[in-house]
Colleague: 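Got a structure for you, questions after.
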Amino acid sequence: QLGAFDTADRYPTDITLQWSDDNSSWTTFGTWSGLTYPGNYTAGPVLTPSGGGGGSGDPYWANVTLLAHADGNLTDASPYGHTLLAQGGASAAASGGVFGGSLLLTSSGDFVVGPTHSALSLATGDWTIELWVKQSSGTVAILVNRAVGTGFYPYQILVNSDGKIHARGFSDASALVWDVQTSAAISTDTWYYVAVRRNGSSFELWVDGTLQASATYSGALYSSGAPALSVGAYDTGSFSLLGRIDDLRVTAGVARDVSVIPTAPFPTGPVLDGTIVPFDIQSDSITNATPIQIDGEWVIRRYDGTSYQ
């Protein structure tokens, strides 16, 4: 039984231990009052949620359907582990990115082709697509696309002939139903954090944490066929990007907060919402030690960032 806690509500100052042979009649084993915070005790780290870059984990990790850091390889670090294949001379450079390496595209026809998996269709519900991009030459360039050839698509992100970043998509009736663009052309040889999300019926384009434009559409997006995701060009290799892409993340079912520019790579795992800290109950203190068993039960406590439970 736990009695009073310290003034910061971190640990109990009064404890009573009881034992029972039949789980019905209990005998007091001992009572301790006025316990003090031992000098050799240090609490484990408190892990805080992070939906952006860095942090201990992603609170929406189960919704991440693609995560490519491109740090020297084309591994999909999401729970899906999709296969990503370099086309032409595309490569995952070990350096030159915002956070370590990046996808390097230096010639026409360089791009990456991804899976046809339905988790990337994003035809209904909320979703978010994020990436860093740096264009070295101001030509029309596909950044992220899901279409067979140059046909219809539920979403497409590109740098258009006006030098602006555009995002758009078709409905299941093959009609262009959302089309947004940045307010100004981007500069070459400059990194930009680009995010496109569907939040209910609102389709939004964000650059460097600032909303650029939005459009409204409440229906389903184009879902015919089984198009592959392509990065850096159409899946035919046309309209390829000359430049770099870093930290591409696709999240299905969540319209993320993209108003803050990430300062670290996107996390690769779920948030751990607390630290399990074992205690050994002694006659005069509580110390951070190997947990003991009392009446067949482990004595452990969990810190949730505010108090121990």
Colleague: For Ala184, which residues count as a side-chain contact (heavy atoms from CB on, under 4.5 Å) partner, sequence neighbours excluded?
Modeller: none
Colleague: Which pairs would a plain distance check flag for residues 131-142, meaning a side-chain donor or acceptor within less than 3.5 Å of a matching protein atom at least two apart in sequence or in another chain?
Modeller:
from: Gln135; atom 1: NE2; to: Ser137; atom 2: O; distance (Å): 2.9
from: Gln135; atom 1: NE2; to: Thr139; atom 2: O; distance (Å): 2.7
from: Ser136; atom 1: OG; to: Leu242; atom 2: O; distance (Å): 2.9

Colleague: Going by ring pair (Phe, Tyr, Trp, His ring centres under 6.0 Å), name the residues that satisfy it together with Tyr217, two or more places apart in sequence or in a different chain.
Modeller: none
Colleague: Counting N and O atoms only, with roles assigned by atom type, does the side chain of His69 sit under 3.5 Å from a partner on the main chain of Phe266, one being a donor and the other an acceptor?
Modeller: yes
Colleague: Work out which heavy atom in Tyr155 is nearest to a heavy atom in Val144; give both atom names and the distance.
Modeller: CE1-CG1, 4.1 Å
Colleague: Measure the CG-CD distance between Leu205 and Gln181 for me, rounded to the nearest 0.5 Å.
Modeller: 9.0 Å
Colleague: Walk me through it: do Leu158 and Phe239 pass the test side chain to side chain contact (heavy atoms under 4.5 Å, CB included)?
Modeller: CA-CA 9 Å; Leu158 75 155; Phe239 296 106; over 6 Å; no
Colleague: May I ask whether Leu74 and Leu120 are part of the same hydrophobic cluster, defined by side-chain heavy atoms of I, L, V, M, F, W, Y residues being less than 4.5 angstrom apart, directly or through others?
Modeller: yes
Colleague: Establish whether Tyr153 and Ile129 are linked, either directly or via other cluster members, by ILVMFWY side-chain heavy-atom contacts under 4.5 Å.
Modeller: no
Colleague: Should Leu211 and Tyr193 be counted in the same cluster of Ile, Leu, Val, Met, Phe, Trp and Tyr side chains packed under 4.5 Å apart?
Modeller: yes
Colleague: Less than 4.5 Å apart, side chain to side chain, heavy atoms only: is that true for Glu130 and Asp247?
Modeller: no
Colleague: Search all heavy atoms of Ala92 against all heavy atoms of Ala70 and return the closest pair with its distance.
Modeller: CB-O, 4.0 Å
Colleague: List the atom pairs, with distances to 0.1 Å, where a side-chain N or O of residues 220-234 and a protein N or O form a donor-acceptor pair under 3.5 Å, not counting sequence neighbours.
Modeller:
from: Ser223; atom 1: OG; to: Asp172; atom 2: OD1; distance (Å): 3.0
from: Ser223; atom 1: OG; to: Asp172; atom 2: OD2; distance (Å): 3.3
from: Ser230; atom 1: OG; to: Ala233; atom 2: O; distance (Å): 2.7
from: Tyr234; atom 1: OH; to: Gln156; atom 2: NE2; distance (Å): 3.0

Colleague: Can you tell which of Val64, Thr268, Asn63, Thr251 makes a side chain to side chain contact (heavy atoms under 4.5 Å, CB included) with Asp58?
Modeller: Val64
Colleague: List in chain and number order the residues that pass ring pair (Phe, Tyr, Trp, His ring centres under 6.0 Å) with Phe203, two or more places apart in sequence or in another chain; answer none if no residue qualifies.
Modeller: Trp178
Colleague: Look only at the side chain of Thr128 and the backbone of Arg256, and say whether a donor-acceptor pair between them is shorter than 3.5 Å.
Modeller: yes
Colleague: Taking Gln212 for the side chain and Ser183 for the main chain, is one N or O donor matched with an acceptor at less than 3.5 Å?
Modeller: yes
Colleague: Please table the atom pairs, donor to acceptor, closer than 3.5 Å between any side-chain atom in residues 96-115 and protein atoms at least two apart or in another chain.
Modeller:
from: Ser102; atom 1: OG; to: Arg244; atom 2: NH1; distance (Å): 2.9
from: Asp110; atom 1: OD1; to: Gly89; atom 2: N; distance (Å): 2.6
from: Asp110; atom 1: OD2; to: Thr106; atom 2: N; distance (Å): 3.1
from: Asp110; atom 1: OD2; to: Ser107; atom 2: N; distance (Å): 2.9

Colleague: For residues Val196 and Val254: do they belong to one hydrophobic cluster (side chain heavy atoms under 4.5 Å, members Ile, Leu, Val, Met, Phe, Trp, Tyr)?
Modeller: no
Colleague: Can you name the residues that form a side-chain contact (heavy atoms from CB on, under 4.5 Å) with Asp76, not counting sequence neighbours?
Modeller: Leu66, Leu67, Ser78, Tyr80, His82, Leu84
Colleague: Report yes if the side chains of Pro265 and Arg249 come closer than 4.5 Å at any heavy-atom pair, otherwise no.
Modeller: no
Colleague: Could you work out, with side-chain contact (heavy atoms from CB on, under 4.5 Å) as the rule, every residue matching Ser187, not counting sequence neighbours?
Modeller: Thr190, Tyr192
Colleague: By the side chain to side chain donor-acceptor pair (under 3.5 Å) test, which pairs, at least two apart or in different chains, include something from residues 111-127?
Modeller: none
Colleague: Quick test of your reading: applying salt bridge (Lys or Arg N to Asp or Glu O under 4.0 Å), list the pairs with at least one residue in residues 151-171, sequence neighbours left out, ordered by first then second residue.
Modeller: none
Colleague: Could you tell me which residues satisfy side chain to side chain donor-acceptor pair (under 3.5 Å) with Asn160, sequence neighbours excluded, listed by chain and number?
Modeller: none
Colleague: Taking all non-hydrogen atoms of both residues, which atom of Ile261 and which atom of Gly209 are closest, and how far apart?
Modeller: CG1-N, 4.0 Å
Colleague: Applying the 4.5 Å side-chain criterion to the ILVMFWY set and letting contacts propagate, would Val207 and Ile157 be lumped into a single cluster?
Modeller: yes
Colleague: Can you check side chain to side chain contact (heavy atoms under 4.5 Å, CB included) on Leu122 and Val250, steps first, answer last?
Modeller: CA-CA 9 Å; Leu122 309 183; Val250 180; 4.0 Å; yes
Colleague: Provide the closest heavy-atom pair for Ala86 versus Ala90 in the form atom of the first, atom of the second, distance.
Modeller: CB-O, 3.4 Å
Colleague: Tell me the salt bridge (Lys or Arg N to Asp or Glu O under 4.0 Å) pairs involving residues 186-208, sequence neighbours left out?
Modeller: Arg197-Glu204
